[in-house]
Q: 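Provided herewith is a single structure, encoded as structure tokens, for subsequent inquiry.
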Amino acid sequence: MAKLQIRGKDLRKIGYPETPVVSVAIGVMEQYYKRHSLEAALQILKDIMLTPADYLEDPVLGKVAKAFLPEKEEGVEYSLNRDGVPFSIFGAGDIGEGALHQMYLAAKLPVAVAGALMPDAHSGYGLPIGGVLATDNAVIPYGVGVDIGCRMCLSVFDIPAGDLDRKESLFTRELEAATLFGSGAQFKEAEDHPIMDRKTFQEIRLLRSLHARAWKQLGTSGSGNHFVEFGWVEVNQWDPVLKLDPGCYVGLLSHSGSRSLGANIANYYTRLARSKRRLPQEVNHLAWLSLDEEEGMEYWTAMNLAGDYASACHEVIHTRIASSLGRKPMRTVENHHNFAWREIHEGKAVIVHRKGATPAGKDVLGIIPGSMTAPGFIVKGRGVPASISSAAHGAGRRMSRSQAMASISEHAFKEELAKSGVRLIGGGLDEAPFAYKDIETVMRAQQGLVDVVGTFRPRIVRMDG
DNA sequence: ATGTCC
């Protein structure tokens, strides 16, 4: 007989609050009511929710009932400042109200020092995607985001540009052989890499429990907007930082992050932060940890490990493909866009959170992709203080995933790919080019923040699905 | 973003 299994979302559906009562209820039902059907169990839980006082004496269900009653509240209570710190908005005309509102709220946090909103911004959990927030000695796990260390990595090969068309099937096979996509995807055999020997994996208890799966996911790409693609890199003019002769090259561009490792770190430490610091409901995702306290330092260490792990994932992919092609890249450009850094902003040491924002310090290289058919850009930062030395991390979504699925037709999608001459492996309607803003508009909105030193035009794209 | 589990 199937064992009873209740999920948090089942309880949310019948009106359970976002409190620990959820885990108590799941625990009690799965232990003592495991022979009940899901429907029967939910009915009982619903009754308890409506009249918890009636169940207080019940030796088993009383545990759930008690969890509904007000308890001694833990953690320190904080309120938002009346006025937020001022922040610059780039490309305001194309930024949705949701993202703006989230940024205004973040600016009112007691630890906020400065902020900025990038032209590809859209709403996320806590800080908007495309949001930059500098804080005073505090790190906000959801200011970094769930996919810690998510990044772009570009290898430029000295391969004749015409090969991409001429040997399309060869490059397609490379992508198929060397990458693995999918939400829970992992390899059967773990890849050897020094990152997996880091002491940190043993020193922090949470990380110890995540090591085995992280190892099997090393070099995988995950899902969503992540991709690995071949395309053309074009450089028009010598740049002393990029150091590539003008010309057209074959490029390998990848976009992915730290897989389940980063997600688990993010969720664990945001829970910890939320239990230590209680914030008004509308900003409860923005709970922070102080870098003076043990938990904050631990998050910082774990976040940095996840960032290095994300980098290693790209390295594995690029090394595999390069060695299969029998080539060494002439140049590699790489940048995180979900991370927190210690930086000096206007003379003051701050923690800069970039959640879906490209670091754009003076002469710092980065990659800003368009869409699967639109060009991307190799950029060099100008270190503009108003943007907290940041830029957009892509075109940004114009439609939500569900909106895209409902409004874009398979036919129009295929036609667009054909028109652009792009071969797509995997990839769903929710990632169709129409779901994204126009990258040229986004680049115009931030032309003061970065200089374009090269372009990338996608040709063979692999995504999940 | 992640095989979500508070």
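Naming: A, B, ... by sequence-line order, numbering from 1 per chain. All of these numbers come straight from a predicted model, not from anything done at the bench.
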Q: Residues two or more places apart in sequence or in another chain: which of them pass side chain to side chain contact (heavy atoms under 4.5 Å, CB included) with S275(A)?
A: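 With neighbours one apart ignored, the set is empty.
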Q: Only pairs at least two apart or in different chains count here, so list each salt bridge (charged side-chain N to carboxylate O under 4.0 Å, His left out) that has a residue in residues 252-265 of chain A.
A: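 For residues 252-265 of chain A, and leaving out neighbouring residues, there are no salt bridge (charged side-chain N to carboxylate O under 4.0 Å, His left out) pairs at all.
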Q: Distance under 4.0 Å to a non-hydrogen atom of chain A counts as contact; along DNA chain B, which nucleotides mark the start and end?
A: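 Range of nucleotides touched by chain A: dA1(B) to dC6(B).
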Q: Listing request: all ring pair (Phe, Tyr, Trp, His ring centres under 6.0 Å) pairs with a residue in residues 93-144 of chain A, at least two apart in sequence or in separate chains.
A: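 For residues 93-144 of chain A, and leaving out neighbouring residues, the ring pair (Phe, Tyr, Trp, His ring centres under 6.0 Å) pairs sorted by first residue read F87(A)-Y104(A), Y125(A)-H285(A), Y142(A)-H285(A).
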Q: Within residues 206-222 of chain A, which residues have any heavy atom lying less than 4.0 Å from an atom of DNA chain B?
A: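 Within residues 206-222 of chain A, the residues near DNA chain B are R213(A), Q217(A), G222(A).
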Q: For a quick check of understanding: with a heavy-atom distance under 4.0 Å over all strands, which category does S258(A) fall into, base, sugar-phosphate or nothing?
A: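 If one applies the 4.0 Å heavy-atom cut-off, S258(A) turns out to touch nothing in the nucleic acid.
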Q: If the condition is side chain to side chain donor-acceptor pair (under 3.5 Å), which residues does D308(A) pass it with, not counting sequence neighbours?
A: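 For D308(A), the residues satisfying side chain to side chain donor-acceptor pair (under 3.5 Å) (neighbours in sequence not counted) are R198(A).
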Q: Start at the 5' end of DNA chain B and walk down; is the nucleotide closest to E431(A) or to G8(A) reached first?
A: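 By nearest-heavy-atom nucleotide position, the 5'-most residue is E431(A).
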Q: Parallel, tilted or perpendicular, judged at 30° and 60°: which one describes the rings of H318(A) and H314(A)?
A: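 Plane angle between 30° and 60°, so tilted.
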Q: With a 4.5 Å cut-off on side-chain heavy atoms, are M372(A) and F227(A) touching?
A: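 Answer no - side chains too far apart.
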Q: Please classify the nucleic acid contact of R274(A) as base, sugar-phosphate, or nothing, using heavy-atom distances under 4.0 Å.
A: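 Result for R274(A) = nothing.
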Q: For a 4.5 angstrom cut-off between non-hydrogen side-chain atoms, does F413(A) reach P433(A)?
A: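 Touching, per the 4.5 Å side-chain cut-off.
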Q: Would you say N137(A) and I351(A) make side-chain contact, with heavy atoms under 4.5 Å?
A: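 No, their side chains stay 4.5 Å or more apart.
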